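To start, the structure itself, in structure tokens.
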Amino acid sequence: MISVGHLAGLAGIVLGLWLVASGAVSAWWLLAWPPLHVVGSLVLSVGLHRYFSHGSFKTTRFWHNFMAFYSTLLLNGSPHGWAAAHNAHHVYSDTNKDPHIANWTYLVWKRYRKSPIPRRGLRGLVGDPVCAFVHRTGLWLWLVFTAAMLLVSPKLYLFAYLMPLGSVHLIGALHQVASHNSRGPRDIWWLELILPACGEWLHKTHHEHPRWSDFKTEHHHLDLGSRFIELIRTDAGHGKAAA
């Protein structure tokens with residue numbers, strides 16, 4: 001479904017901008033796009049990445065369940081699938097076993113390279129009933145959500161869901177292609193100001209300290225994900241305490 005999410009989201013951006021430019025829809029609808037992009041980016045960076053994949057912090061059951069269910073709307077894979085692929089990326093980074101495809105074709109067609117799946121980080125997810133339910137029924141949950149949203153308002157579905165989905169996927173694809181070079185992972189902190197990804201552009205720092213919940217190492221770095229974590233965490237850890 002990652003390819004479907006990417007292509008559908010990009011089509012949504014093109015359609016939404018065309019409807020506004022042609023005058024068929026009020027430009028006020030565009031106001032729904034940025035905040036919902038931030039929500040999607042937070043669930044990806046804070047939920048799927050730092051929480052479910054790395055266990056960088058602890059939170060309440062409400063936020064655990066919210067991030068698990070919201071992951072179905074991102075069409076990036078369930079917590080199980082995302083954690084498996086991401087942990088394999090850490091183990092086999094920049095080798096032919098790395099599931100992440102980092103050439104330009106990923107910008108057009110999202111897919112993963114077949115890779116051995118490390119077991120670390122997955123035992124807790126497999127045993128969690130909510131994550132297991134989302135993993136089994138994620139496609140059906142997304143179909144029910146889509147049908148309900150279209151019945152309520154196709155415009156709302158387009159501007160508050162498809163367009164944010166498209167920007168989250170597009171920035172994620174650009175991040176995957178650009179965040180590694182011939183020397184390995186790299187931090188491109190300034191891209192966080194242009195293509196906001198809630199801290200994900202600080203990629204080298206994350207590879208060096210995968211369990212840090214705060215990716216910032218300089219005062220000018222921007223990591224909105226770490227600020228959100230400070231609001232929802234319940235453990236005593238702070239930023240880099242979980243290294």
Side-chain angles (χ1 to χ4, degrees), residues 1-2 4-5 8-9 32 34-87 117-152 156-157 160-162 164-165 167-169 171-172 196-200 206 210-215 223-239 241-242:
M1 294 299 290
I2 190 172
V4 173
L36 271 299
H37 168 85
V38 171
V39 172
S41 295
L42 284 173
V43 172
L44 193 152
S45 180
V46 172
L48 289 173
H49 190 184
R50 303 183 220 196
Y51 180 69
F52 289 118
S53 296
H54 291 294
S56 299
F57 66 98
K58 295 180 180 179
T59 190
T60 65
R61 200 67 197 176
F62 169 82
W63 287 111
H64 173 95
N65 294 345
F66 175 82
M67 292 187 293
F69 278 103
Y70 204 104
S71 70
T72 65
L73 306 185
L74 294 177
L75 296 178
N76 260 274
S78 67
H80 288 62
W82 209 96
H86 183 71
N87 286 328
I117 298 176
R119 293 185 178 181
R120 71 179 189 187
L122 293 179
R123 292 185 179 89
L125 295 180
V126 171
D128 182 87
V130 171
C131 289
F133 177 77
V134 167
H135 185 69
R136 292 193 309 269
T137 64
L139 175 59
W140 293 106
L141 292 172
W142 178 77
L143 289 173
V144 169
F145 166 81
T146 293
M149 282 285 285
L150 289 174
L151 286 172
V152 171
L156 186 66
Y157 184 74
Y161 175 65
L162 277 187
L165 177 71
S167 54
V168 169
H169 269 270
I171 291 175
C198 293
E200 293 299 307
H206 171 62
R211 294 205 65 203
W212 279 9
S213 62
D214 186 346
F215 298 161
D223 181 3
L224 184 60
S226 68
R227 301 283 71 81
F228 182 65
I229 288 171
E230 293 306 313
L231 294 175
I232 68 170
R233 74 184 311 157
T234 58
D235 57 326
H238 185 276

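The shown structure was predicted, so the numbers you read here are calculated from the model rather than taken from an experiment.
- One distance of note links CZ of Phe57 with CD of Glu230; it measures 9.5 Å at 0.5 Å rounding.
- For the atom pair Phe228 CZ and Ser41 OG, the distance stands at 12.0 Å (nearest 0.5 Å).
- In this structure, Ala83 and Leu125 approach most closely via the heavy-atom pair CB-CD1, 3.7 Å.
- Taking 4.5 Å as the limit, some side-chain heavy atom of Phe66 sits within range of a side-chain heavy atom of Val43.
- Nearest heavy-atom pair, Thr72 versus Gly138, reported as atom, atom and distance to 0.1 Å: CG2-CA, 3.9 Å.
- Not counting sequence neighbours, the partners of His135 by the side chain to side chain contact (heavy atoms under 4.5 Å, CB included) test are Ser78, His80.
- Aromatic pair Trp212/His54: centroids not less than 6.0 angstrom apart.
- By the 4.5 Å heavy-atom criterion applied to side chains, Val46 and Cys198 are not counted as neighbours.
- By the 30° and 60° cut-offs, the orientation of the rings of Phe52 relative to His64 is perpendicular.
- With rounding to the nearest 0.5 Å, the separation of CH2 in Trp63 from CD1 in Ile229 is 12.0 Å.
- From Leu42, atom CG reaches atom CE of Met67 across 10.0 Å, with rounding to the nearest 0.5 Å.
- Across all their heavy atoms, Ser167 and Pro164 have their closest contact at OG-O, 3.0 Å.
- Here the NE2 atom belonging to His86 is positioned 3.5 Å from the NE2 atom belonging to His206, to the nearest 0.5 angstrom.
- The shortest non-hydrogen separation linking Ser213 to Ser226 is O-CB, 3.6 Å.
- Leu156 contributes atom CG, which lies 10.0 Å from atom CG of Leu150 (distance to the nearest 0.5 angstrom).
- The side-chain heavy atoms of Val39 and Tyr70, taken from C-beta on, include a pair separated by under 4.5 Å.
- Look at Arg61 and Asp128 and you find a salt bridge, because one of the NZ, NE, NH1 or NH2 atoms lies within 4.0 Å of a carboxylate O, short of that distance.
- Between His49 and Trp82, the two ring planes are tilted [angle within 30° to 60°].
- Partners of Trp142 according to the side-chain hydrogen bond (donor to acceptor under 3.5 Å, both in side chains) rule, which considers only residues two or more places apart in sequence or in another chain, are Tyr161.
- Side-chain N or O atoms of His37 include one that pairs as donor or acceptor with a backbone N or O of Pro196 at under 3.5 Å.
- The heavy-atom pair separating Ala197 from Ile171 by the smallest distance is CB-CG2, 4.0 Å.
- Side-chain contact between Asp223 and Asp214 is present, with at least one heavy-atom pair separated by less than 4.5 Å.
- For the side chain to side chain contact (heavy atoms under 4.5 Å, CB included) with Val168, the lone residue among Leu36, Leu44, Leu75, Leu73 that qualifies is Leu44.
- Ser56 contributes no side-chain N or O that, together with a main-chain N or O of Tyr51, makes up a donor-acceptor pair within less than 3.5 Å.
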